[in-house]
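Structure record follows, encoded as structure tokens.
Atoms considered below: every heavy atom in the structure, side chains included; atoms not considered: hydrogens, waters and symmetry mates.
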Amino acid sequence: MKTFYSSAYSVVCFFLACTNAIDGRLPFGSGGRTIHHVRREAIERANVIKTNDVDPSELYPVRHIDLPVNHFPNSSRYKPDKSGTFKNRYWLDASHYSPGGPVIVLQSGETDATSRLVYMQKGILAQLAEATNGIGVVLEHRYYGQSFPTDSLSTENLRFLTTEQALADEVYFAQNIVFPGLEDKNLTSHTTAYLSYGGSYPGSISAFLRVKYPDVFWGSISSAGVTKAILDYWQYYATPAEYGPTFCMTTQKLFTKMADNILMGKKKSKSIHKLKHLFGLDHITHDVDFANQLSSGVGSWQGLNWDPEVSQDNFYEFCRNLSSLVVLFPETESKRSLAEEVIEDGGYTADPLLVNQLLNYVGWMNLTAVSVCQNEGHTHDHCFSNLNSTFYQQHELKDYVWRSWAYQYCTEWGYLPTGSGVPEDQMSLISRTLDLEYLSTVCREAFNITDPPDVEEVNKFGGYDIHYPRLAVIDGEWDPWRPATPHAFAYGASPRNSTTSEPFMMIPQGLHHEDENSLFPNETTPKLPPPRIVSVQAEERRFVKAWMEEWKQDCRAKGDCSEGASPPLLVVQ
């Protein structure tokens with residue numbers, strides 16, 4: 001019997017899950033991202049030169065806590081069991097702390113946690129710690145950065161990388177931590193208010209903590225928290241389709257339809273050759289890899305941010321090229337007649353202005369991808385293919401940059417952003433050849449996973465309907481991950497009233513967890529941060545301070561929150 005993910009590419013079948021869960025971490029083969037990009041981006045991130053800010057890693061020394069490898073030794077899903085502990089990294093800032101203040105844990109999620117330290121320096125974590133006289137903590141997620149419970153990332157060793165283990169890690173931290181320099185104080189969750197903040201995948205972790213462990217975490221902020229796991233996440237591209245520049249999005253849809261008419265047509269061999277030759281990608285072996293590369297422009301929507309020092313403006317650069325009615329790349333004029341033929345092969349009329357736009361598409365692709373690959377001395381398949389079985393067999397710890405999140409979405413989360421899933425009555429921004437079969441290649445090749453992910457492991461916490469007292473849900477109107485959050489009104493989520501106990505806020509024109517970063521006072525301008533960010537961060541400070549007033553009242557009523565109290569033994573259930 002054919003399995004769910006059994007390969008249609010029987011001869012050769014072989015994304016970082018990428019920066020910004022999801023934090024950009026989409027599957028390989030989405031938004032033009034390939035395994036080659038993953039390697040290159042990992043090197044680039046390792047060599048980033050900071051701006052004039054003080055490197056936060058110099059301000060906050062790395063600390064470690066010994067966490068159990070397996071919090072659930074009696075569970076059959078983790079057999080064979082592995083006893084013992086591993087050293088998990090964390091960082092803290094106690095400069096704002098006064099007795100009675102909370103511990104605010106920022107979950108770093110699917111990345112090296114050092115990239116999150118800036119939020120403790122001048123982001124939302126710094127703001128909340130200052131507003132509440134609290135301690136700010138950045139906690140690294142198991143199997144990322146330098147926090148590994150196993151000595152390799154083989155499929156067997158990755159069995160401890162689950163949502164419930166990640167939740168239990170944060171609970172264990174809250175119930176057992178002894179902070180360096182504050183050893184005389186009991187600052188565990190038995191005596192101290194613990195608050196959790198997370199953005200994107202970590203946002204869902206923060207939300208789930210409040211629901212599953214309400215006696216440990218007094219409150220949580222879920223920013224862009226993807227609380228609804230979805231296998232075929234075609235909705236990812238619905239957001240730029242709706243909010244991106246209209247003319248650019250209309251043109252992209254037209255060219256995608258044109259390409260699909262050729263790639264999926266019955267008499268396609270000669271036309272496909274012309275299409276690839278037009279873009280200078282003659283030597284990509286698999287048509288679906290070529291189609292994936294055509295999505296690289298619209299795939300960069302998530303890189304946008306209100307902060308120009310953070311924002312990656314590839315999306316608008318692409319649109320400026322695609323929307324121009326005059327040819328911007330003179331060298332493409334030699335391909336005008338070929339462009340006309342391709343448009344006609346794709347079922348459209350080769351209007352001169354449309355031809356100009358297609359030539360700009362070709363020129364932009366050459367500038368940003370084809371020539372880069374050529375200058376690096378690589379073949380087209382090396383640069384642009386995700387069908388490479390050999391690559392997926394690597395499982396050293398350094399391979400976490402592509403392997404760890406891939407394992408998570410293959411086993412529990414899904415989020416394969418297809419073109420094939422777009423309803424037939426809508427034109428798609430990306431090729432319909434980008435389907436579950438292609439996007440799940442890594443699941444089969446890297447982990448031998450042929451069944452769909454068990455999304456119930458995520459959705460059992462509430463999905464779109466997740467709510468709890470002192471659980472804040474904050475999302476961005478323009479976030480491509482909004483269809484997986486409680487603000488996905490077009491996909492089944494219900495509107496709610498926002499209260500101090502259960503804040504429910506959508507940032508107008510907001511993108512992916514844009515409330516997380518901020519600026520130093522001397523960096524601000526009348527326009528930066530924009531009013532929408534200033535407003536939501538002020539509201540976060542307000543309701544968290546109100547939550548802390550509740551904590552103080554609760555303490556006085558119970559009389560059990562003295563910092564000198566001895567913590568009971570931890571039991572994670």
Given D554, which partner from the list K558, R556, K552 fulfils the salt bridge (charged side-chain N to carboxylate O under 4.0 Å, His left out) test?
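The residue from K558, R556, K552 that satisfies salt bridge (charged side-chain N to carboxylate O under 4.0 Å, His left out) with D554 turns out to be K558.
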Residues in salt bridge (charged side-chain N to carboxylate O under 4.0 Å, His left out) contact with K460, at least two apart in sequence or another chain:
E457
Does [X] have more than 12 heavy atoms from other residues, nucleotides or ligands lying within 6.0 Å of its [atom1]?
X: K79; atom1: NZ; result: yes
X: H467; atom1: NE2; result: no
X: N497; atom1: CG; result: no

Between [X] (side chain only) and [Y] (backbone N and O only), is there a donor and an acceptor less than 3.5 Å apart?
X: R89; Y: R63; value: no
X: N186; Y: T188; value: yes
X: Q302; Y: P480; value: no

Given R532, which partner from the list Q537, Q509, E514 fulfils the side-chain hydrogen bond (donor to acceptor under 3.5 Å, both in side chains) test?
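Answer to the side-chain hydrogen bond (donor to acceptor under 3.5 Å, both in side chains) test with R532 among Q537, Q509, E514: E514.
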Can you tell whether the side chains of D169 and R142 come within less than 4.0 Å, N to carboxylate O?
yes
Please determine whether a side-chain nitrogen of the Lys or Arg among R470 and E550 lies less than 4.0 Å from a carboxylate oxygen of the Asp or Glu.
yes
Could you tell me whether the side chains of R444 and S440 share a donor-acceptor contact shorter than 3.5 Å?
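The answer is yes; a qualifying pair exists.
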Mind checking whether [X] and [Y] have ring centres under 6.0 Å apart?
X: H141; Y: Y201; value: yes
X: W481; Y: Y233; value: yes
X: F208; Y: F461; value: yes

Who pairs with W547 by ring pair (Phe, Tyr, Trp, His ring centres under 6.0 Å), at least two apart in sequence or on another chain?
F543
